Amino acid sequence: MTSTATVGPDAGETIVDWYETAARDLPWRRPGVDAWAVLVSEVMLQQTPVARVEPVWREWMARWPTPGALATVPPADVIRAWGKLGYPRRALRLREAAVAVVERHGGVVPADVSALEALPGVGTYTARAVACFGYGQPQPVVDTNVRRVVARLVHGRAEAGNARAADLADIAALTPPDARRATRFSVAAMELGALVCVAGTPRCGACPVRDRCAWRLAGCPPHDGPPRRVQKFAGTDRQVRGRLLDVLREAHEPVDAAALEAAWEDAVQRGRCLDSLLADGLVEQTDDGRFTLPT
DNA sequence: CATTCGTGGTC
DNA sequence: TGACCAAGAAT
């Protein structure tokens, strides 16, 4: 027997070395950036490209440099400052997380993964990202980029499936044993997926572990499973909600129902979406029946 | 476990 | 032009 080319921690070491030379200089990765700043960046980055997050993150950190600063701000200010990043419930939850940090943790973002996961808007990924990037803990961090890297490098598949509990074990098997390197590896694996092992056409020529990649060794087989269907947007409630909120972000005093009619023709869908925005706490109704961002 | 939740850039 | 996609969480 010659060798069973099982991909292991040596691949992780190689990816860390690659990261040291290839990493982007992102503002939330700079030295001195605290866990609060990391938390804000991570929530903004949920399903949102880096280029769009950068300017908004800078503005937020200047305005609200601590959880305590954000916790006292009315939701309307937070929703407006969120701008058009999308999924504005994230803005609301981030503010609620700030309140929780003040109430439960004395204004200091907790370093414990369980305590982080208990914060509004913070799930498995974000909790570990804050513990790892914000506090330097050697936590496994699995996002969509990492799942794609593991799918190809380890499992020889073109695409990652849905997130599973086993993802954490998969990435742990690649992680360098040294704690400092393990911490670096968590960012490095994400960066590899973001820059090289991308969803579209991967740049295998630039990949530091291309000679060990199970997918390449198998001849880059195409994705076999059912094609994951892309989300529609035009005509959906998401678009309508976006339109309605857009009107309210621009208006600096409550608007009447007539002003919202311009946002979307279909009265049934418009009404349903307005109700859902009210239910989400993204919109508030005044005593005289007009609508506004929550004060 | 599948859906829902924004927005805009890219190929 | 339009499908595809971008550091997920909540339900």
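A, B, ... follow the sequence lines: proteins, then strands. Residue 1 opens every chain. Values in this document were obtained by computation on a predicted structure and should not be read as measured data.
- When heavy atoms are screened at a 4.0 angstrom cut-off, A:Ala129 is found touching no nucleic acid atom at all.
- Within the 3.5 Å criterion, the main-chain N or O of A:Glu13 finds no donor-acceptor partner in the side chain of A:Asp10.
- Counting only residues at least two apart or in different chains, ring-ring contact (aromatic ring centres under 6.0 Å, His included) contacts with residues 228-259 of chain A are absent.
- Rounded to a whole angstrom, the distance from the P atom of C:dA7 to that of B:dT3 is 22 Å.
- For the residue pair A:Ser186 / A:Arg128, no side-chain donor-acceptor distance below 3.5 Å is found, with atom types taken as modelled.
- In this structure, A:Arg148 contributes its side chain and A:Gly193 its backbone to a donor-acceptor pair below 3.5 Å.
- Atom-to-atom, CD of A:Gln239 to P of B:dT7 comes out at 9 Å; the value is rounded to the nearest Å.
- When heavy atoms are screened at a 4.0 angstrom cut-off, A:Val43 is found touching no nucleic acid atom at all.
- Under the 4.5 Å side-chain heavy-atom criterion for ILVMFWY residues, no single connected hydrophobic cluster contains both A:Val146 and A:Val113.
- Residue A:Leu94 contributes atom CG, which lies 17 Å from atom C1' of B:dG6 at whole-angstrom precision.
- We find that CZ of A:Arg164 is positioned 10 Å from P of B:dC1, with the value rounded to whole Å.
- Nucleic acid contact class of A:Thr126 (heavy atoms, under 4.0 Å, all strands): sugar-phosphate only.
- With P as the reference atom, C:dA9 and B:dG8 are 23 Å apart, rounded to whole Å.
- Looking at heavy-atom distances under 4.0 Å, A:Thr201 makes no contact with the nucleic acid at all.
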Q: Tell me, with the steps shown, if A:Gln231 and A:Arg238 meet side chain to side chain donor-acceptor pair (under 3.5 Å).
A: CA-CA 11 Å; A:Gln231 288 192 52; A:Arg238 293 207 319 291; 3.3 Å; yes
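- Taking Ile, Leu, Val, Met, Phe, Trp and Tyr as members and joining any whose side-chain heavy atoms lie under 4.5 Å apart, directly or through other members, the hydrophobic cluster of A:Leu274 also contains A:Ile79, A:Leu92, A:Val240, A:Leu244, A:Leu245, A:Val247, A:Leu248, A:Val255, A:Leu260, A:Trp264, A:Leu277, A:Leu278, A:Leu282, A:Val283, A:Phe291, A:Leu293.
- At most 12 heavy atoms of other shown residues, nucleotides or ligands fall within 6.0 angstrom of atom CZ in A:Arg203.
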Q: Start with the C-alpha distance between A:Tyr125 and A:Glu42, add both sets of side-chain angles, then the distance that settles side chain to side chain donor-acceptor pair (under 3.5 Å), and finish with yes or no.
A: CA-CA 9 Å; A:Tyr125 162 77; A:Glu42 291 302 337; 2.6 Å; yes
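- Less than 4.0 Å separates DNA chain B from at least one heavy atom of each of the following residues of residues 240-254 of chain A: A:Arg241, A:Gly242, A:Arg249.
- A:Arg249 and A:Asp246 are joined by a salt bridge, as a carboxylate oxygen and a charged side-chain nitrogen come within less than 4.0 angstrom of each other.
- The residue A:Gly86 sits close to a base: some heavy atom pair falls under 4.0 Å.
- B:dC1 and C:dG8: their C1' atoms are spaced 16 Å apart (whole Å).
- When the shell of 6.0 Å around CZ of A:Arg228 is examined, it contains 12 or fewer heavy atoms from other residues, nucleotides or ligands.
- Salt-bridge check for A:Asp167 with A:Arg164: passed, with a basic side-chain N closer than 4.0 Å to an acidic carboxylate O.
- One can place CD1 of A:Ile79 at 12 Å from P of B:dT7, the figure rounded to the nearest angstrom.
- Contact check on A:Arg180 versus A:Asp178 returns no salt bridge, with no Lys/Arg side-chain nitrogen under 4.0 Å from an Asp/Glu carboxylate oxygen.
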Anything under 3.5 Å between a protein N or O and an N or O of nucleotides 9-11 of chain B, put it in a table, one pair a line.
none

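- Salt bridge A:Arg157/A:Asp224: absent, no basic N to carboxylate O contact under 4.0 Å.
- A salt bridge links A:Arg30 with A:Asp25: the distance from a Lys NZ or Arg NE/NH1/NH2 to an Asp or Glu carboxylate oxygen falls below 4.0 Å.
- Heavy-atom distances to DNA chain B give each of A:Leu282 and A:Arg229 a nearest nucleotide, and the one nearer the 5′ end belongs to A:Arg229.
- Take the nearest nucleotide of DNA chain C for A:Arg93 and for A:Val198: the residue whose nucleotide is more 5' is A:Val198.
- Atom CG of A:Leu277 and atom P of B:dC5 are 10 Å apart (whole Å).
- Along DNA chain B, the nucleotide nearest A:Asn162 and the nucleotide nearest A:Lys232 are compared for position; the residue whose nucleotide lies closer to the 5' end is A:Asn162.
- Read 5' to 3', the first and last nucleotides of DNA chain C with an atom closer than 4.0 Å to a heavy atom of chain A are C:dA3 to C:dA10.
- Contact check of residues 18-41 of chain A against DNA chain B (heavy atom, cut-off under 4.0 Å) returns no residues at all.
- The nearest whole Å value for the distance from the CZ atom in A:Arg238 to the P atom in B:dG6 is 7 Å.
- When each of A:Leu45 and A:Leu119 is assigned the nucleotide of DNA chain C bearing its nearest heavy atom, the one mapping closer to the 5' terminus is A:Leu45.
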